[in-house]
Amino acid sequence: MRRWGITGILCLLLLVLSAVSLFVGVIDIDPAGLLAGDTRQIRIFILSRLPRLLAILCTGTGMSVAGLIMQQLCMNKFVSPTTGATISSAQFGILLALLFMPGSTLWGRALFAFICAIAGTWIFVWFIQRVQFKDVVMVPLVGIMFGNIIGGVTNFLAYQYEMTQALSSWLVGHFSLVVKGNYELVYLALPLVVLAFVYANHFNIVGMGKEFSSNLGVNYNLVLLAGLTIAAMITASVVVVVGSISYIGLIVPNVVAMFKGDKIRGTLVDTALFGAIFVLVCDMVGRVVIAPYELPIELIIGILGSILFVGLLLYRLNHGRKAIRIGERRGGTQR
C-alpha cells in the first residue's frame, strides 16, 4: 500500500500540473473561453498547447525509462543517454540525413537517428565491457569523452558543408516549435516504454552479470542488445522531435532509486511518472521566468541537472550503502 501510495501521489501531481500547463503561455486561454466555444482559443488549444503537453509527457517518460534501462544493463548508476553517447550519436545521424537526404521527411531523419543512436550505444557498451575500471565514475567519463568525439565530428562536418544552422535545431532541446503535425514521432516512446516494462525482469537478471544470467537460462547478449536498442530508439525519437535534452535519464532514475530501490519492475512506473513531472515543471519555469519570452528547456534542465548530478555524485560516492538500505526498507532490492 505504501509503494502504490507514492505512485498515486505522482499520478495526481502529474494530472494537476498537466492541467495547469495547458493554460500557461504567451497567449491567454482559459477554461471559460474554451467551454464558451471561443474559436481562437480552441485552435490554440488543439494546435499548440495540447500537442506540446503530449510531447513533454512522452519526452519525460521516455528519456527517464531509457536512462533506467541503461543504468540497469550497464550496472552503473551514472550511465544514461547523455553519458553513454546516445544523444550525440542521434545528432550525428540527423546530420547525415541532412547531408545525404536534404529533402527527407521527419521519419527519414528519424531512421538515420535510430541507426546511429543504436550503433553508438552498442559501441560504448562494447568498449566498457572490455576495460576493467576500478572506479564506477570512470564509465560515464569515458562515455562523455566518446560523446564529445562524436559531437566534434558532427560539428566539423556541419561547418564543412555549411549545415550548422540547419543542425542547430537539434542541438538545443525546446518545445516552442511543437505543433500539431510535426511531433507525432515522439509517440514511439510509449510502446517502447511498455515493451521495457514487459521485459523488466530480464533486464534485472542481465544487470546481475553474464554468469548469473546464464545460470537462469537468459540469453545475456540478446537481452542486452534488445534493452540498449529500446533505450537508443526512445532517445532518438525524442532528439528528432525536440532536440537534445540532457540529464533526464541520469537524474530521474537515481532520485527514484534512492527511495524505492533498484528493481526495475518496481521503479519503472514511478520513474516514468517522475520524469514526466520533472520535464513538465522545467518547461513551465522556462515559459514564465522571462515571460513573454521563453527559455529553452535544455537550459533549465541543464542548470538543475548539473547541480543534482554533482549532488548525486557526492552522495553515491560517500553514502551509497545508506541509499541501498533506504531502498530495502521501502521494499526494493538492490545489489
Side-chain angles (χ1 to χ4, degrees), residues 3 6-7 9-14 17-18 21 55-84 86-87 140 143 173 175 186 189-190 192-194 196-197 200 203-204 207 227 230-232 234-235 237-239 242 244-286 297-316 320 323 326-327 330 332 334:
R3 177 168 63 89
I6 296 176
T7 304
I9 293 173
L10 291 175
C11 287
L12 181 60
L13 183 60
L14 181 59
L17 291 174
S18 298
S21 72
I56 290 171
L57 298 182
C58 291
T59 298
T61 299
M63 293 297 289
S64 301
V65 172
L68 179 62
I69 294 173
M70 293 184 69
Q71 290 173 13
Q72 187 72 25
L73 295 179
C74 297
M75 295 178 284
N76 190 297
K77 300 300 293 183
F78 297 118
V79 175
S80 71
T82 306
T83 58
T86 308
I87 291 179
F175 294 97
V186 79
L190 297 181
L192 291 173
V193 169
V194 174
F197 185 81
F203 296 154
N204 268 330
I230 291 173
I234 291 175
T235 303
S237 65
V238 170
V239 172
V242 300
S244 171
I245 302 181
S246 307
Y247 292 111
I248 302 174
L250 175 65
I251 298 299
V252 173
N254 275 284
V255 172
V256 175
M258 289 172 62
F259 294 95
K260 301 202 68 173
D262 282 340
K263 188 176 181 181
I264 189 171
R265 181 176 287 276
T267 61
L268 192 145
V269 174
D270 295 301
T271 299
L273 291 172
F274 184 68
I277 292 172
F278 180 67
V279 176
L280 186 58
V281 170
C282 290
D283 179 71
M284 293 171 65
V285 170
I297 192 172
E298 170 70 4
L299 176 62
I300 305 298
I301 292 182
I303 295 173
L304 295 178
S306 299
I307 297 173
L308 290 174
F309 177 73
V310 173
L312 284 172
L313 184 65
L314 296 175
Y315 186 86
R316 284 286 180 177
I326 290 174
R330 300 267 178 158
Q334 300 196 8

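Note that these values count all heavy atoms, side chains included, but never hydrogens, waters or copies made by symmetry.
Contact annotation: the side chain of Leu10 never approaches that of Leu14 to less than 4.5 Å [non-hydrogen atoms, C-beta and beyond]. Contact check for Thr267 versus Pro253: no side-chain heavy atoms found under the 4.5 Å cut-off. Within the 4.5 Å cutoff, side-chain heavy atoms of Ile87 are placed close to those of Met63. At a threshold of 4.5 Å between non-hydrogen side-chain atoms, the residues Ile6 and Phe274 do not count as touching.
With sequence neighbours left out, the side-chain contact (heavy atoms from CB on, under 4.5 Å) criterion links Cys282 to Phe278, Ile297, Ile300, Ile301, Leu304. Annotation: side chain to side chain donor-acceptor pair (under 3.5 Å) contacts of Ser21 (sequence neighbours excluded): none. Residues passing the side chain to side chain donor-acceptor pair (under 3.5 Å) test with Ser64: none are found, sequence neighbours excluded. Checked against side chain to side chain donor-acceptor pair (under 3.5 Å), Ser80 has the following partners two or more places apart in sequence or in another chain: Thr83. The side-chain contact (heavy atoms from CB on, under 4.5 Å) test applied to Leu268 returns Val65, Leu68, Val193, Ala196, Phe197, Ile264, not counting sequence neighbours.
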Could you give me the CA-CA distance, side-chain angles and deciding distance for Ile69 and Ile230, then say whether side-chain contact (heavy atoms from CB on, under 4.5 Å) is met?
CA-CA 8 Å; Ile69 294 173; Ile230 291 173; 4.0 Å; yes
Give the intermediate values and the outcome of side-chain contact (heavy atoms from CB on, under 4.5 Å) for residues Val256 and Asp270.
CA-CA 7 Å; Val256 175; Asp270 295 301; 4.1 Å; yes
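Distance check, rounded to the nearest 0.5 Å: CG of Leu13 to CD1 of Ile277 gives 4.0 Å. Note that NZ of Lys77 and CD of Gln72 are 7.0 Å apart. Values are rounded to the nearest 0.5 Å. Summarising the geometry, atom OG1 belonging to Thr61 is positioned 11.5 Å from atom CD1 belonging to Ile56; distances are rounded to the nearest 0.5 Å.
Smallest separation of non-hydrogen atoms from Ile234 and Ala189: CG2-CB, 4.2 Å. Across all their heavy atoms, Leu73 and Phe203 have their closest contact at CD2-CD2, 3.9 Å.
For residues 275-284, the pairs satisfying salt bridge (Lys or Arg N to Asp or Glu O under 4.0 Å) are Arg52-Asp283, Asp283-Arg287, with sequence neighbours left out.
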